[in-house]
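Order of the sequence lines fixes the chain letters, A, B, ..., with proteins taken first and strands second; residue numbering starts at 1 for each chain.
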Protein chains: 2
Amino acid sequence: MFSPNLHHDTGDAMTDDFSTEQKIKQAAQRVFLKKGYAATRTRDIAEEAGFNPALLNYYFRSKEKLFEIVMLENMQMFVAGVVGILTDDATTLRQKLHILVSHYIDMLQANPDLPAFMIGEIRDNPDGLMEKIGFSKLPPDASILMQWRTLAGENGTFKPTHIMMNLIAMVVFPFATAPLIRSRTAMDRTAFSALMEERKELIPMWIEQMILAGATTNPKS
Amino acid sequence: MFSPNLHHDTGDAMTDDFSTEQKIKQAAQRVFLKKGYAATRTRDIAEEAGFNPALLNYYFRSKEKLFEIVMLENMQMFVAGVVGILTDDATTLRQKLHILVSHYIDMLQANPDLPAFMIGEIRDNPDGLMEKIGFSKLPPDASILMQWRTLAGENGTFKPTHIMMNLIAMVVFPFATAPLIRSRTAMDRTAFSALMEERKELIPMWIEQMILAGATTNPKS
DNA sequence: GTCTATAACCTGATAGAC
DNA sequence: GTCTATCAGGTTATAGAC
């Protein structure tokens, strides 16, 4: 039903990253990411890529089709590699947290507009593209879940969902609100980046504390 | 330069909440909040309010003017009352955290679309309406800052900015991503609300831990 | 494959009757 | 104050020349 290349194949086995099609896709990625779907005009994309607006329709048929492609790739960026990290039997829980947080912060430093874009899309298209993404659920015996239970005890006092929320929130939210944070604290882009680098060490530490705070052995008892 | 009522006064002293003007504003609030500025058509607002599209221009002259008004009120919701909480000499730090978190969660339970809306606007209009908001900086001797220093020691190992980020992130982020969270965890709206109610107790606890973890007395020493 | 010209459509805003 | 009808402007998409 869905094909990334709507037009005929080039005949070349390898995909040429400098082809017009690729350039348009990359330009679209940048513009959609910065402004969102509704606020983006196809002319913006053509201008950004330095091409004629008609080429967009030649290669991708419509703005919407192009958006779906870019969208899908952006979403996959969010989940790429994560399952591998979480199911690795060779790493400790502490190591997993470190690797996961570093992985995400690095990715977001390179793509700082991604969080706001995703949040906008989640809103505009609640059930639309959400399923298309390979957000495959973890198997119940995934390494991280076993380790989690060991640390928190079988009957931790609050749900893992809370901790997951916190982990993602602490990593992603600062990027989503970066313009506001920077203007409020008079940080420039470099200072903000440095702050996020600090968080690579801090967030895993905080998360570990949270897991312990919810462990079976309640401080009050 | 900016006046909420562009047309002549009604002559009535009290503002009638059921006037056409008010109804349009409320409908606009709902639609803008759900879809953002760019994706909203003036016809959507008229339909939502059950009125003729022409009335929007009659009362507010343009879509943009109407948006500014609604926007401003939304943003003020975010900061309303917070300074008062943070500078109250009669409450402990722990109490302040509790009150602040409860205050925000209550407000967001009533306005769950607000976070995604704000994030979208921060992106689309980085420096535009940000200053109009009464985001008045705290005085350096604000009660909460003194109490913070007492708890963390004068030279806490990491910046208060981190903790502030975490506090806001843990409260706001779940709402910004609620549709995704609910679909991923098979929660209905009620279950999600209940989860956020739990967080009224949990977040202040976590934050306190974080402050202690960054206190002058380092666990390692 | 790429460009120019233009069609087809949509959206915000206004004029004028009631 | 509210409605109908319509305009002006801008946007996506296509037809057809090169």
Side-chain angles (χ1 to χ4, degrees), chain A residues 3-12 14-32 34-71 124-125, chain B residues 3-12 14-32 34-71 120 124-125 128:
Chain A
S3 142
N5 291 309
L6 297 174
H7 65 310
H8 52 83
D9 200 5
T10 58
D12 229 75
M14 72 168 201
T15 311
D16 183 357
D17 279 359
F18 298 99
S19 69
T20 300
E21 181 176 350
Q22 284 302 316
K23 282 189 195 162
I24 293 175
K25 230 162 81 172
Q26 285 157 19
Q29 170 118 349
R30 284 193 296 275
V31 181
F32 278 138
K34 207 187 236 357
K35 318 216 295 178
Y37 179 79
T40 297
R41 293 164 308 162
T42 53
R43 286 166 190 185
D44 297 333
I45 297 171
E47 198 177 327
E48 168 87 11
F51 286 120
N52 190 289
L55 289 179
L56 188 153
N57 294 290
Y58 173 72
Y59 281 104
F60 301 96
R61 202 173 80 235
S62 74
K63 175 187 174 185
E64 205 177 335
K65 272 280 172 228
L66 175 55
F67 181 73
E68 273 182 36
I69 293 166
V70 169
M71 178 74 192
D124 295 345
N125 205 337
Chain B
S3 141
N5 291 308
L6 297 174
H7 65 309
H8 52 83
D9 200 4
T10 58
D12 229 75
M14 71 168 202
T15 311
D16 183 357
D17 278 0
F18 298 98
S19 68
T20 300
E21 181 176 351
Q22 286 301 316
K23 282 188 193 163
I24 293 175
K25 230 163 80 172
Q26 285 158 18
Q29 169 118 350
R30 285 194 295 274
V31 180
F32 279 138
K34 206 186 238 351
K35 318 216 295 178
Y37 179 80
T40 297
R41 293 164 307 161
T42 54
R43 288 169 162 87
D44 297 332
I45 297 171
E47 197 177 328
E48 169 87 11
F51 286 121
N52 191 289
L55 288 179
L56 187 153
N57 294 290
Y58 173 72
Y59 281 103
F60 301 96
R61 202 174 78 236
S62 72
K63 175 188 176 184
E64 204 177 336
K65 272 281 172 228
L66 175 55
F67 181 72
E68 273 181 35
I69 292 166
V70 169
M71 178 76 190
D124 295 345
N125 205 337

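- Rounded to whole Å, the distance from CD1 on B:Ile45 to C1' on C:dG12 is 11 Å.
- Taking atom CZ of A:Phe60 as the reference point, atom P of D:dT14 lies 15 Å away to the nearest angstrom.
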Dump the pairs, protein N or O against N or O of nucleotides 15-18 of chain C, anything under 3.5 Å, distances to one decimal.
none

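- Applying the side chain to side chain donor-acceptor pair (under 3.5 Å) test to every pair with at least one member in residues 45-57 of chain A, sequence neighbours left out, gives these pairs: A:Arg30-A:Glu48.
- Aromatic ring orientation, B:Phe32 versus B:Tyr37: parallel (interplanar angle below 30°, classes split at 30° and 60°).
- Between the CG atom of B:Asp44 and the C1' atom of C:dG12 there is a distance of 12 Å, given to the nearest Å.
- In this structure, B:Glu21 places its CD atom 10 Å from P of D:dT2, rounding to the nearest Å.
- B:Arg43 pairs by the side-chain hydrogen bond (donor to acceptor under 3.5 Å, both in side chains) definition with nothing, not counting sequence neighbours.
- The side-chain heavy atoms of B:Lys25 and B:Phe60, taken from C-beta on, include a pair separated by under 4.5 Å.
- Straight-line distance from the CZ atom of A:Phe67 to the P atom of D:dA13: 14 Å, rounded to whole Å.
- Spacing between atom CG of A:Asn52 and atom C1' of D:dT14 amounts to 12 Å, rounded to whole angstrom units.
- Put simply, CD on A:Gln22 is 16 Å from C1' on C:dG1, counting in whole angstrom units.
- Look at CG on B:Leu66: it is 14 Å from C1' on C:dA13, rounded to the nearest Å.
- Between atom CZ of residue A:Phe51 and atom OH of residue A:Tyr59 there is a gap of 8.0 Å, rounded to the nearest 0.5 Å.
- When the side-chain contact (heavy atoms from CB on, under 4.5 Å) test is applied to A:Leu56, the partners found at least two apart in sequence or on another chain are A:Thr42, A:Ile45, A:Leu66.
- Remark: A:Lys35 engages A:Asp44 in a salt bridge (Lys or Arg N to Asp or Glu O under 4.0 Å) (not counting sequence neighbours).
- Put simply, B:Tyr59 has a side-chain N or O that comes within less than 4.0 Å of OP1 or OP2 on D:dG1.
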### Summary
With sugar-phosphate taken as primed atoms, P, OP1 and OP2 and all else as base, the protein-contact string of nucleotides 7-12 of chain D at under 4.0 Å (heavy atoms; B, S, -) is ----BB
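- A distance-only check finds a donor-acceptor pair linking the side chain of A:Lys63 to the backbone of A:Thr40 [under 3.5 Å].
- A distance of 12.5 Å separates CD in B:Gln29 from NZ in B:Lys34, rounded to the nearest 0.5 Å.
- Side-chain proximity of A:Tyr58 to the nucleotides C:dG1, D:dC3, D:dG1 is greatest for C:dG1.
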